Amino acid sequence: MNPPKFGPIYLALLLFAILFLLPERFFAFLVTDQALIKISSSPELDRFKNVMLQEKAFRQEGVLPFYGSSTLGFINPYHPSQVFTPNQFTPYLVNFAAVTNIFHAMNVAALGDTLEHKKVVILLDTSDFANRNKPDPNVLNNLFSKLQAYRMLYDDTIDPGVKKRASARLLTIEKAKNDWLLASLLKETAGEEELSLLQWWKKPLGYLEMKLLEKQDLVKAASLVWHNKAPMPENKPDPDWKALRLKAEQESEKETNNNPYGIVNATYTKEVEKKLDTWKGSWNPGNNFPWETAEYGDLQILLDELKAFHADPIFVLIPRKGEWSDYTGFTKKYRNLLYAKIHGRVTAAGYKVIDYTDKDYDKYFLRDQYHLGKPGWVTVEEGILNEYRHAGH
């Protein structure tokens, strides 16, 4: 009887261990630079959460990350993905509906040194800062990424104080709080409980789960790229901003002609008109406005991470729609208080803000109560391109 040969088994186990533990950058060849450009504005939630795609895209010269929420989801000829072409830069959208700063902070934390000296655009949605209620738990669970949470926990370059605050914030999300292993590690990092000597195995087990999630992330990245059929964008000269803005205003005038507020017709008819009397004077901030909501703490986590990773952010502060806000009771006095508080938090961290809050009475700057309209995008894009090139990009 021949003795069993274990050589091939040991070799297979060794190869598996190597593939399992190798950093994802060793597999980057699976996703080409051209593929990343084509997928840069696709709307999938999996692309928003995918770490490997962002890591490789952001290491490319000429790729500019755009962090935002639903305002980035309205694709039209005036959208950054349509206006800018590779000879200016390629906008890589990191967005999804209802995304707030805690998720941008987790995205940034998961990327490590990828953003070092990298310009990134961050759209500040002022409505998030005025909301004292927690976001919908279902939204939080939908946007949460376990991989991003683990990458934050196991990145020793992140300041322990920042990591402590981020961990405590993540524990308010049911999906994180109910994951026994991740929650235990988050609680220890947040200072809520200490792992005993008998629980030492949780840290290496968490690391192994992170490595498994990274490989799943890699497979998902390859799948997203392979199934994307978008064409490569062609290079175009810089826009004639004045002409483009005029065209955008003319289109917006036609698209908002059923109301005096500059809200697109379909939104006004569906969401506003039937409740118009209810909206009047409905917003009552009280004397202690602007409130210290959770969004300010989340913004601070994001600011601290950007500084730790030596990123070069371009913050864009977007206003509310002035005439409509006045109608609801959110008057200029209160809006200015809100704008100033957000602006001050960013500048206190040493960063510049491209501030468009003086545009809140420009009728078509926003397409509805919250989202940038066509003329608004043209104005914002001109400012971003100027700022992007200011440092020699």
Side-chain angles (χ1 to χ4, degrees), residues 20-21 23-24 45-46 48-52 54-55 67 69 94 96-112 128 131-220 292-305 308-309:
F20 185 74
L21 295 173
E24 278 51 58
L45 177 60
D46 285 332
F48 166 75
K49 292 183 178 183
N50 198 276
V51 175
M52 190 261 184
Q54 292 181 55
E55 280 188 333
Y67 288 88
S69 56
V94 188
F96 204 75
V99 169
T100 53
N101 279 309
I102 187 58
F103 296 107
H104 292 322
M106 290 300 97
N107 250 307
V108 168
L111 296 177
D128 291 333
N131 184 3
R132 287 188 293 187
N133 299 319
K134 291 182 179 180
D136 185 334
N138 293 325
V139 171
L140 293 175
N141 284 329
N142 188 43
L143 297 174
F144 173 73
S145 164
K146 187 191 290 191
L147 173 57
Q148 291 176 2
Y150 272 129
R151 292 280 289 246
M152 181 270 296
L153 285 173
Y154 287 98
D155 189 338
D156 293 333
T157 65
I158 299 176
D159 180 81
V162 177
K163 198 180 289 190
K164 180 178 181 179
R165 285 183 282 124
S167 297
R169 183 69 172 96
L170 288 180
L171 284 167
T172 65
I173 300 175
E174 289 295 322
K175 207 168 185 177
K177 186 169 62 176
N178 294 335
D179 186 294
W180 69 273
L181 178 57
L182 176 62
S184 183
L185 298 174
L186 287 171
K187 287 176 183 177
E188 186 205 30
T189 306
E192 296 183 11
E193 65 180 39
E194 188 174 341
L195 291 180
S196 68
L197 290 175
L198 294 176
Q199 294 176 312
W200 65 269
W201 49 270
K202 287 186 177 180
K203 289 187 177 181
L205 184 61
Y207 183 82
L208 287 175
E209 185 175 18
M210 180 184 73
K211 300 309 292 184
L212 178 60
L213 290 170
E214 286 176 341
K215 297 305 176 287
Q216 292 176 352
D217 189 69
L218 173 66
V219 172
K220 179 59 72 174
E292 186 66 22
T293 60
E295 193 66 9
Y296 289 102
D298 296 342
L299 174 62
Q300 192 60 54
I301 293 171
L302 175 61
L303 291 167
D304 291 341
E305 289 177 354
F309 293 134

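On a predicted model such as this, the values are computed, not experimentally measured, just so you know. We count residues from 1, following the sequence as given.
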Practice item. Could you give me the CA-CA distance, side-chain angles and deciding distance for Phe144 and Leu170, then say whether side-chain contact (heavy atoms from CB on, under 4.5 Å) is met? Key: CA-CA 9 Å; Phe144 173 73; Leu170 288 180; 4.2 Å; yes
Point to revise | Evaluation steps, side-chain contact (heavy atoms from CB on, under 4.5 Å), between Ile173 and Phe103 | key: CA-CA 11 Å; Ile173 300 175; Phe103 296 107; 4.2 Å; yes
Check your understanding: Going through the distances and angles, do Gln216 and Leu212 end up as a side-chain contact (heavy atoms from CB on, under 4.5 Å)?
Key -> CA-CA 6 Å; Gln216 292 176 352; Leu212 178 60; 4.1 Å; yes
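Looking at every heavy atom in both residues, Phe309 comes nearest to Val108 through CE1-O, 3.6 Å. Contact between Ala110 and Glu55 at its shortest, heavy atoms only, is O-OE2, 4.1 Å. The minimum heavy-atom distance linking Asp179 with Lys146 is given by the pair OD2-NZ, 2.6 Å.
Residue Asn101 holds its CG atom at 11.0 Å from OH of Tyr296, rounded to the nearest 0.5 Å. Here CZ of Phe48 is found 10.0 Å from CG of Asn142. Values are rounded to the nearest 0.5 Å. The distance from atom CD of Glu209 to atom NZ of Lys211, rounded to the nearest 0.5 Å, is 13.0 Å. One finds the CD1 atom of Ile102 at 4.5 Å from the CE atom of Met106 (value rounded to the nearest 0.5 Å). In this structure, Leu140 CG and Arg169 CZ are separated by 7.0 Å, a value rounded to the nearest 0.5 Å. Considering CE of Met210 and CG of Leu205, their distance stands at 12.0 Å, rounded to 0.5 Å.
Looking only at side-chain heavy atoms (C-beta outward), Glu295 and Leu299 stay at 4.5 Å or farther from each other. Under the 4.5 Å side-chain criterion, counting only non-hydrogen atoms from C-beta, Leu143 is not in contact with Thr100.
A donor-acceptor pair under 3.5 Å is formed between the side chain of Gln148 and the backbone N or O of Lys49. One N or O on the side chain of Gln54 and one on the backbone of Asn50 form a donor-acceptor pair closer than 3.5 Å. Between the Tyr207 side chain and the Tyr154 main chain, no donor and acceptor come within less than 3.5 Å of each other. Checking side-chain atoms of Asp155 against main-chain N and O of Arg151 turns up no donor-acceptor pair under 3.5 Å. Within the 3.5 Å criterion, the main-chain N or O of Val51 finds a donor-acceptor partner in the side chain of Asp217.
Asp304 meets the salt bridge (charged side-chain N to carboxylate O under 4.0 Å, His left out) test with Arg165; sequence neighbours excluded. Every residue two or more places apart in sequence or in another chain was checked for a ring pair (Phe, Tyr, Trp, His ring centres under 6.0 Å) with Tyr150, and none qualifies.
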Listing, residues 183-195 side-chain donor-acceptor contacts under 3.5 Å, not counting sequence neighbours, or none:
| residue | atom | partner | partner atom | Å |
| --- | --- | --- | --- | --- |
| Ser184 | OG | Lys202 | NZ | 3.0 |
| Glu188 | OE2 | Lys203 | NZ | 3.4 |
| Thr189 | OG1 | Leu185 | O | 2.9 |

